[in-house]
Protein chains: 2
Amino acid sequence: MSQTPKHSADAPVPTSTDVARLAGVSRATVSYVLNDTSAVRISEPTRRRVREAAEELGYVPHAAARSLRAGHSRMVLLPTAHVPVGPLYSRFLNEVQWALRALDYTVVQYGSLGLGADEAARAWAELRPVAVLSLGEIGLTPHGVRVLKRSGAKAVITLGPQRVEGAHALVMDQRAVGSAAAAHLLERGRRAIGVVVPAEPGLDLFSRPRLAGVRKAVSEGGADQPARVEPLTMAYDEESAARLAAAWRGLGLDAVYAYNDEYAQLLMRALQDAGVDVPGECAVVGADDLLLGKLLRPRLSTVHIELPTGREIAELVDRVVRDPDGDVERHDLMAAHAIGRESS
Amino acid sequence: MSQTPKHSADAPVPTSTDVARLAGVSRATVSYVLNDTSAVRISEPTRRRVREAAEELGYVPHAAARSLRAGHSRMVLLPTAHVPVGPLYSRFLNEVQWALRALDYTVVQYGSLGLGADEAARAWAELRPVAVLSLGEIGLTPHGVRVLKRSGAKAVITLGPQRVEGAHALVMDQRAVGSAAAAHLLERGRRAIGVVVPAEPGLDLFSRPRLAGVRKAVSEGGADQPARVEPLTMAYDEESAARLAAAWRGLGLDAVYAYNDEYAQLLMRALQDAGVDVPGECAVVGADDLLLGKLLRPRLSTVHIELPTGREIAELVDRVVRDPDGDVERHDLMAAHAIGRESS
DNA sequence: AGACGGTGGTGACACGTGTCAGTTACGTGT
DNA sequence: ACACGTAACTGACACGTGTCACCACCGTCT
């Protein structure tokens, strides 16, 4: 066990054939024993011999060969985004992973970094996953969906701000977030609302609908007291925030919805440093209901987002895998409600 | 193209045999053409016919069958942690992924959620990765390393606080972080240092060495002015922080090193709410040099950690894959230096 | 004595691919 | 006229696994 720790590199990887030879049985028997196939009866002494042989050789089955033979796998592909993901998102992702594993799926995150949308889909298809669950950003075209389905994927599910032709869609309508924020500000009597739009590329898939949601809420707000909406581009760094804050007084705004809590924190700090009173002079509201919001002074108002649970997602995947020809579902989810704290 | 969008489920997945049949050539020719095998000459007209046939059928090669035949893959397995990862870590992970892909490796994140260490290693080994790069928490035993190498993994590399027998180790000595923080506080004249130890399980792999580093720096600090170290357990939520802050005066401490910036933020806020003056009454220092530290008032002192770049890691992986029998390296990295701001 | 049924196991094929060794067809040199 | 080289392609095997159909053996019943 402790000898020859080094040149194990040239030792061939043990296969079920090696196990069979060592146990003095056929390869078929080995397969039956190690997979606990109930339809075939193997005597207990033989079972033990096989198990011991496998143990001694350190035999580990070859997943690729297995799924090649089986004609299918239980692999769920989870394309990873290349955008900087927030804490809310990464917690959700972990939850989904757990739930899928509980249903006996093999979850694989696979990055498509640097590839085009269709090239990425092709690369995913090579792995022959039984399901593809694309979270957040799309990066999936109708053509990509066809390629995946053609390669045997039973379920292609997108969870994001918009739907993709051919795929099951869990539409998270980000506009609801903007609407909730705007409604909250209007209710508090604000009438000139700035909307921070992140300068970072990749986030616009989220930020644009959120902005649209603000506009919608404002226009529906009733004509009794018309309000104004002003988009403001800002990057996630101190200089950009300071620049925006310095110009604040000239903008004539009395409120700002800052995309999410992290941007809100950054901007609020810059505003305070520039001598702008929050919430007196300007109300600030973020989104995502992160812990940090409660730590700020004034405490940050935010929009809490109700995401589906990991288990719900996993069960949807499982349902679609079992019945791929079911109707293409389109669920609208994402309930959002504002939480008023001290900053608004 | 737009017809039969539904019952594509029963259509068999096209293989290279189908392509060959459609193009009127042998399967071997298809393989040569699609892989651009330079050693074999195929006429240009034939090449085109094959390519067109593949395109028409939507042929995508089967990665499993390919690597089965080849006897090896270029897959790098990146076990994902189940601990809540910080922003520093997740940025680093993305960087590594990029760099590996640039070297033509297929990066796969694979979670071992809910499995024991050795069961997880076995599950990884089934995928027959050419390399395993375990970041952060270990979750890898010497036995697990043997299983992986036995299954054909050329490189097993751990990057974490401690090394694992048999694997190449990039040791990030977390003690350096604690030492830097303590040295900084001592230099500023503090003599009674509290050390926040997260209550969250899974983080103790980091927090324990950091605490040890504090102790080391204090004991080496010279006997001219002996200092005291006091471990303090705290969870990452407001109640826990408030509880600790309420008892603060009784502890007789004049400084605290709070594991990382996020815990420091939480504690500092609680201390301020409890009327403890920072830094007058108590100096606070965090770690990881996150952006949020600069946004706090007083600005948070921190310990900046110098991580290896993604490219360095990727090149190490590549080197070990090419020469697996090279010496088991043990790199000590992680330079850490304190950044004094206003909170200490 | 021969048919019968159950126990315990095996031989052989298929999955989709890459690649080596051959095999045509054809022009060329002596 | 015949060997020879070369361009262009193909037949067949191997990779490691799961599973179906089949087989040998042995005790039991009529």
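Note that the coordinates shown come from a computational prediction; the quantities given were computed from them, not determined experimentally. Chain letters run A, B, ... following the sequence lines, proteins first, then strands; residues in each count from 1.
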**Q** Contact class for A:Thr15 (heavy atom, under 4.0 Å): base, sugar-phosphate, or nothing?
**A**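 Answer is sugar-phosphate: A:Thr15 comes under 4.0 Å of backbone atoms only.
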**Q** Considering only heavy atoms from C-beta outward, does the side chain of A:Val164 approach that of A:Pro142 to under 4.5 Å?
**A**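 A side-chain contact exists here, since the closest heavy-atom pair is under 4.5 Å.
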**Q** Can you see which heavy atom on A:Val130 is nearest to which on A:Ser73, and at what distance?
**A**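 Here A:Val130 and A:Ser73 meet closest at CB-O, 3.4 Å.
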**Q** Assign A:Ala70 to base, sugar-phosphate, or nothing according to its heavy-atom contacts below 4.0 angstrom with the strands shown.
**A**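 The answer is nothing, as A:Ala70 stays clear of every strand by at least 4.0 Å.
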**Q** Go nucleotide by nucleotide along DNA chain D from the 5' end; which of A:Ala65 and B:Gly24 gets its closest nucleotide reached first?
**A**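 That would be B:Gly24.
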**Q** Can you measure from CD1 (B:Ile42) to OG1 (B:Thr37) and round to the nearest 0.5 angstrom?
**A**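 These two atoms lie 8.5 Å from each other.
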**Q** Can B:Leu135 and B:Leu133 be said to form a side chain to side chain contact (heavy atoms under 4.5 Å, CB included), step by step?
**A** CA-CA 6 Å; B:Leu135 304 181; B:Leu133 182 57; 3.9 Å; yes
**Q** Checking the side chain of A:Asn94 only, and the main-chain atoms of A:Arg91 only, is there a donor and an acceptor separated by less than 3.5 Å?
**A**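 No, because the side chain of A:Asn94 does not come within donor-acceptor range (under 3.5 Å) of the backbone of A:Arg91.
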**Q** To the nearest 0.5 Å, what is the distance between CH2 (B:Trp124) and CG (B:Leu140)?
**A**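 Going from the CH2 atom of B:Trp124 to the CG atom of B:Leu140 covers 5.5 Å.
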**Q** Test your reading of the model: is there a side-chain donor-acceptor pair from B:Glu95 to the backbone of B:Gly310, 3.5 Å cut-off?
**A**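 A pair under 3.5 Å: yes.
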**Q** Does atom CD of A:Glu55 have more than 12 heavy-atom neighbours, drawn from other residues, nucleotides or ligands, at distances under 6.0 Å?
**A**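 No.
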**Q** Tell me which of B:Leu68 and B:Glu44 sits closer to the 5' end of DNA chain D, going by the nucleotide each one is nearest to.
**A**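 It is B:Glu44, whose closest nucleotide lies nearer the 5' terminus.
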**Q** Give B:Ser31 one of three labels, base, sugar-phosphate or nothing, depending on what nucleic acid heavy atoms sit under 4.0 Å from its own.
**A**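 Counting heavy atoms under 4.0 Å across all strands, the contact made by B:Ser31 includes a base.
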**Q** Charged N to carboxylate O under 4.0 angstrom, B:Glu315 versus B:Arg311?
**A**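 Looking at B:Arg311 together with B:Glu315, the answer is no, because their closest N to O distance does not fall below 4.0 Å.
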**Q** With no hydrogens and no angle check, is any side-chain donor or acceptor of A:Arg27 less than 3.5 Å from a backbone partner on A:Ser16?
**A**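 Not a single qualifying donor-acceptor pair exists.
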**Q** On DNA chain C, reading 5' to 3', which nucleotide is the first and which the last to sit with an atom under 4.0 Å from a heavy atom of chain B, could you check?
**A**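 On DNA chain C, the outermost contacted nucleotides are C:dG16 to C:dC20.
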**Q** Verify the contact: side-chain N or O of B:Ser26 to OP1 or OP2 of D:dC9, cut-off strictly under 4.0 Å; return yes or no.
**A**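 Answer no for this pair, as no side-chain N or O of B:Ser26 is under 4.0 Å from OP1 or OP2.
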**Q** Give every pair of a protein N or O atom and an N or O atom of nucleotides 4-8 of chain D that lie under 3.5 Å apart, one pair per line with the distance.
**A**
unit_1, atom_1, unit_2, atom_2, d
D:dA7, OP1, B:Arg41, NH1, 3.3
D:dA7, OP2, B:Arg41, NH1, 3.2
D:dA7, OP2, B:Arg41, NH2, 2.4

**Q** Would B:Asp118 and B:Arg122 pass as an ion pair if we require N to O under 4.0 Å?
**A**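 Answer for the salt bridge query: no.
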**Q** Listed in order of residue number, which residues of residues 49-62 of chain B have a non-hydrogen atom at under 4.0 Å from DNA chain C?
**A**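 DNA chain C contact set from residues 49-62 of chain B: B:Tyr59, B:Pro61, B:His62.
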